[in-house]
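Lettering of chains follows the sequences in order, A, B, ..., and the numbering in each one begins at 1.
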Amino acid sequence: MLEVKNLNIEFHDHSLPETVVYRFNLSMEEGDIVGVVGESGSGKTMSALAICGLLSRRDMKKEGEILFGGKELLTCSRHEMRELQGDDIAIIFQEPMTSLNPVKTIGWQVEEALRIHTEMTKEERYERAIWALTEAELPNPEKVYHQYPHELSGGMRQRVMIAAAIVCRPRLLIADEPTTALDVTIQAEIIDLLLKLNREHKTAILFISHDLSLVRKLCRRVVVMQNGYIVEQGAVKQIFENPQQEYTKRLIASIPSCEEGKEDKDFSTEEVVLSAADIHVSYHSSHGVFGKKQEQKVLKGVSFALHKGEVLGLVGESGCGKSTLAKVIVGLNQKYEGQIGCAKGSVQMVFQDPYSSLNPRKTVGWIMEEPLKIKGGYAKEERRKKVLEMLQKVELEPEIADRYPRQLSGGQRQRVGIGLALMSEPKVLVADEPVSALDVTVQAQILKLLQKLKEEMGLAILFISHDLRVVYQLCDNIIIMKDGEIVERGTPQKIYTAHKHPYTGQLLKAAGIETVGTAAQA
Amino acid sequence: MKRKKNFNLIIGTVLTGLMLLLIVTGLFFLPYDPETMDIELKFAGMSPAHPFGCDNYGRDVFTRVMVGARTTLLVALGTVGIGAGAGILIGAFTGYFGGWVDEVVMRIIDALFAFPSILLALVVISLLGNGKLGVISLLLGSGKYQVILALGIAFIPSFARVVRSEYLKQREMDYVKNARIMGCGHLRIMFVHILPNIMPVLIPTVMIGFNNAVLSEAGMSYLGIGVQPPDASLGRMLSEAQTYLFSQPSYALFPGLTIVLLVLGFSLLADGLEER
Amino acid sequence: MKYVGKKIITMCLTLILVSFLVFLCFTVIPGDPALAKLGTEATPERVEALRKEMGLDRPFMVRYGDWLYSFVKGDMGESYSYGLPVKEMLADKVPITVTMSVMSILIIVAVSIPLGLYTAKHEGSVTDRVIYALNQVVMAVPAFFAGILITLLFGIVLKLFTPGGYISYNQSVAGFLGYMIFPSIAIALPKISMTVKLLRSGLIGEKKLDYTRTAYSRGNNTKGVLYKHVLKNAMLPIITFLGMTFTDIIAGSIIVEQVFGIPGMGRILLTSISNRDYPVVMAIIVCLAAAVIIINGLVDLVYQWIDPRIRLEGES
């Protein structure tokens, strides 16, 4: 059905032509599911966009052949291409928040492909749209039909995208990182939905992702890409169990594994460096002067203790209150009830997004000297020396001190972020999703660095994450939060083999972790 | 865009440079005395001796344009200085701290925003110079300093609004939170950490403000409420010239073109800088 | 509906605040109006008597309340210089300013929206660049200089109208409208170029957003994406901008009236300012500010009617 031969993609946007994809080959049968895996900059998205004809013809040069059902897509007229788009080839994107038109109703957007490609009457279109929305498993499709994108959650918007994509029953559905922006449990639901569509309608799916475990779960064949080249391709089983190429091996090795047994360590004899007792936070929202005041409880009595040298994992999905808890601990949120016990200035934080947590207008050196300046009592040379020492500790070159954050890669920035947090020699590090914005191989390096620093400096770390695999690897104890409450706590071994709360089971299943032991309750 | 050359920047720099050259030269050397009248030269046409001709009193128009442009520049710089200075302070404090002070100040700013800036300046001018504010006008003297104060005050709301909304955005950024966790004081965060980050928005705002100040000053002088004699002013030259539009259209053209080129150069420069 | 109610309440609050600021400025700062009214004939006894007569011996807030109450009822006080009721002095000026503002807005919308669409559609073409360059120049022309140039070109060279020969709407409505076209163009010109520039960059910016890619992926052609998806999104900031432009149009009309010799609100404001005729100045300023606030309030309502995101915020 789809046959891509020797596809090269070149940008002509800048003065020098830049090739982003080299000799891309792919063939897909009806009803096939193929995964394309690679880190950022590997050219996976570009290849996908080329197949569905969404790359501008003006700025790009494309060589090779893309045959879809016998038709050559690179040389056919734009009109012929448009006939296929949305009808036979459909695509869903990574960002469900921005991929829908904000000022049009869901129904209008789902029906759009029908208006373009079919002669259906209004009533037929409505019926078909409702069918698609139902098929995408949206609750109450008649209501959703009249709503606007901002009224829906991220997961629902992605379902709307899927409904709009399947409304003309395409033969090929291209899914470009469709779950990356979503919570883990919703991720799993979307994957199940894609599998169902494939099974029931024989829709072929080209699944682009950086997440190897998702690809493993969904796809039959997989293509591994790096820097624009195809590194390796083959059946999923073969690639995962017997990778041939060095890069593939590295990629697979950097998936945090939960298989090796982990010893439980006891920290109760160590000094408590951070404690939280019965923390409550609620937000008051009121509408206008005369509006009714509403109280929303974000944290409902959270307690824990963190000991010296311990890494405590805090796991939960968006909206569970984990970020609010972090804010309370570091002192950004003063409106809480309960007790936080820690020495003043002993807690520092590492943020999720290394792009925004460093002042973009200052050099790395300036940023890292700031804690020393505030503390006072250091001469200029002394501050510089300390910064260079710290850069060495986080395994960065000393030249980095004179660069601006935008000149660094994501991994380098996160190292600077960690170094900055450690400048004031804290006892506790609160790390809020510190690796979730990074590529998998970089992720593995940063985790290793955190481990090393923890041992060198005797730090305690509160590690906030949604990724159970990462948490398993790094943490000594785990807390699982849902709706502002701690639903489960224990050592990784205990949680992964004998969890008590059903929500934990849900998370584990979504993360693709086979639970060895059975749940204590159904 | 495939255009490699930044034409906006080039043309803008050239025009602004020429205008500055004209004004700076005028500080040290003027071809004629701007006030000397010579009835024989009344409405003299363009000639090598008087490149822009002469006005109804026989004064050299080119000289008067040089002096008028200087006054305009002075007023515009002063206006932007007052407006941006106070606007940054108000916007930074209200945007960063928020709360009820922000609510109250912003209500007032919104109310002031309902007045066109030139109307606001007219109000200030009409209030200055008598009653309780007379003291200020005694200190300032009349004429251009009053205009600067009036326009400066009139420009505060627009600057404050822009700066406030930027501070609102920036204070939610992680680097600000990071600075707070490190123990930075509020003032340091506001002016050392955040201020450089709003420059990409502030600089174009200041440049647009400068242009608006030039246009407003010209407008007020045209109405006869701006810069007063003996200071030459492009706006007033235009209003004088309008009377003689039938007989001597070129008299109106040159002061007007000077305003246009001054504003055009600066707005091209602003666009060019943004494009970079 | 809740949003509308909220909007109206904030509008009223702003109006009251504006009136208070104006009253504060013009009654506290300038000194004693009784003194001003009497001028050279002032003796302490006569001033005292007049103060009582004018009610100036009452507390400030009472005077403000009284002034506001009668203002809302339509009694705007009496001119110091002419002794006429302010309302009468303004009544025949209002239609002039309103006509000029409405005409300007119509010209701006009629010219700038097609131009903005055209330039965004043909981004980078020769026409686009020529329009861009023209825009930059026109933006730098102050409205009164544009007025002078229009007088020169259409009045003196082409003789399409008589400069300074204002025709009142009492004499001939057609002649009035025909004359008012020229000042309206002068006011509209700089605003047209700003609107074109904003619309063009808005459209181009929206074209780069993710949802347009989605629209293309469903088989839309360029035209379909532009008109069905992008236009509505790009119009939202334009609506706000046009609302704010109204403020500038009023400011422009004050000056341009002068260029074309039109006896509108602007002229009476200027003479009143130079005569220190504060009741008139206050009335005009409050009226103009009220117009601006009400227009901007209406624009906000239109905006929320078009943008579903705001609609929800107010209702939920």
Side-chain angles (χ1 to χ4, degrees), chain A residues 12-15 58-59 289 323 326-334 344-363 366-376 404-405 413-414 416-426 428-430 432-434 437, chain B residues 1-7 88 92 95-104 106-107 110 162-163 165-206 273-276:
Chain A
H12 284 262
D13 213 4
H14 307 284
S15 43
R58 196 167 47 173
D59 300 333
V289 193
S323 295
K327 277 187 185 168
V328 169
I329 292 167
V330 298
L332 287 176
N333 187 338
Q334 311 267 359
K344 195 169 181 286
S346 67
V347 183
Q348 288 295 329
M349 185 160 170
V350 177
F351 290 83
Q352 170 175 13
D353 186 2
Y355 291 80
S356 73
S357 64
L358 303 173
N359 193 333
R361 292 256 147 181
K362 305 282 184 187
T363 62
W366 189 96
I367 295 170
M368 290 180 69
E369 278 183 30
E370 190 71 357
L372 302 177
K373 279 189 207 154
I374 293 162
K375 219 166 148 193
Y404 287 93
R413 283 183 228 210
Q414 200 54 292
V416 171
I418 293 169
L420 172 62
L422 296 179
M423 277 312 277
S424 55
E425 292 162 5
V428 182
L429 206 57
V430 176
D432 189 2
E433 302 260 13
Chain B
M1 291 272 192
K2 281 175 191 165
R3 253 184 305 172
K4 277 178 207 131
K5 277 196 180 145
N6 191 334
F7 285 110
I88 288 172
Y96 182 78
F97 288 111
W100 67 269
V101 179
D102 173 49
E103 276 294 318
V104 171
M106 273 305 130
R107 279 283 136 241
D110 274 348
V162 172
V163 173
S165 79
E166 277 306 297
Y167 267 83
L168 270 180
K169 240 183 269 164
Q170 295 287 336
R171 75 166 184 194
E172 297 304 321
M173 300 281 280
D174 284 347
Y175 77 87
V176 174
K177 291 182 193 158
N178 217 346
R180 276 177 64 190
I181 296 170
M182 290 185 313
C184 253
H186 289 306
L187 281 178
R188 190 174 171 83
I189 293 180
M190 279 159 71
F191 295 109
V192 179
H193 287 258
I194 299 182
L195 193 58
N197 280 292
I198 69 164
M199 282 303 165
V201 179
L202 192 59
I203 290 170
T205 314
V206 166
L273 285 178
E274 221 168 318
E275 232 173 78
R276 243 180 358 158

Engineer: Using heavy-atom distances under 4.5 Å, tell me whether A:V347 contacts chain B through its side chain, its backbone, both, or neither.
Structural biologist: backbone
Engineer: By a 4.5 Å heavy-atom criterion (distance strictly below it), what part of A:K375 contacts chain B: side chain, backbone, both, or neither?
Structural biologist: neither
Engineer: Does any backbone or side-chain atom of A:I374 lie under 4.5 Å from a heavy atom of chain B? Answer side chain, backbone, both or neither.
Structural biologist: side chain
Engineer: Checking B:K169 now: which residues fulfil salt bridge (charged side-chain N to carboxylate O under 4.0 Å, His left out) with it, not counting sequence neighbours?
Structural biologist: B:E166
Engineer: Specify the closest pair of heavy atoms between A:P360 and B:N197, including all atoms of both residues, with the distance to one decimal.
Structural biologist: CG-OD1, 3.0 Å
Engineer: Just by modelled atom types, is the B:A179 backbone N or O under 3.5 Å from a matching donor or acceptor in the A:E370 side chain?
Structural biologist: no
Engineer: So, does A:E425 use its side chain to make a donor-acceptor pair with the main chain of A:L422 at under 3.5 Å?
Structural biologist: no
Engineer: Output all residues satisfying salt bridge (charged side-chain N to carboxylate O under 4.0 Å, His left out) with B:D110, sequence neighbours left out; order by chain, then residue number.
Structural biologist: B:R107, B:R161
Engineer: Would you please name every residue forming a salt bridge (charged side-chain N to carboxylate O under 4.0 Å, His left out) with B:K177, sequence neighbours left out?
Structural biologist: B:D174
Engineer: Has the side chain of B:R171 got a donor or acceptor atom that lies under 3.5 Å from a matching backbone atom of B:Y96?
Structural biologist: yes
Engineer: Test your reading of the model: is there a side-chain donor-acceptor pair from A:Q334 to the backbone of A:V328, 3.5 Å cut-off?
Structural biologist: no
Engineer: Check each atom of A:S356 against the heavy atoms of chain B and say whether the ones under 4.5 Å are side chain, backbone, both or neither.
Structural biologist: both
Engineer: How would you list, in number order, the residues of residues 186-194 of chain B that have a heavy atom less than 4.5 Å from chain A?
Structural biologist: B:R188, B:V192, B:H193
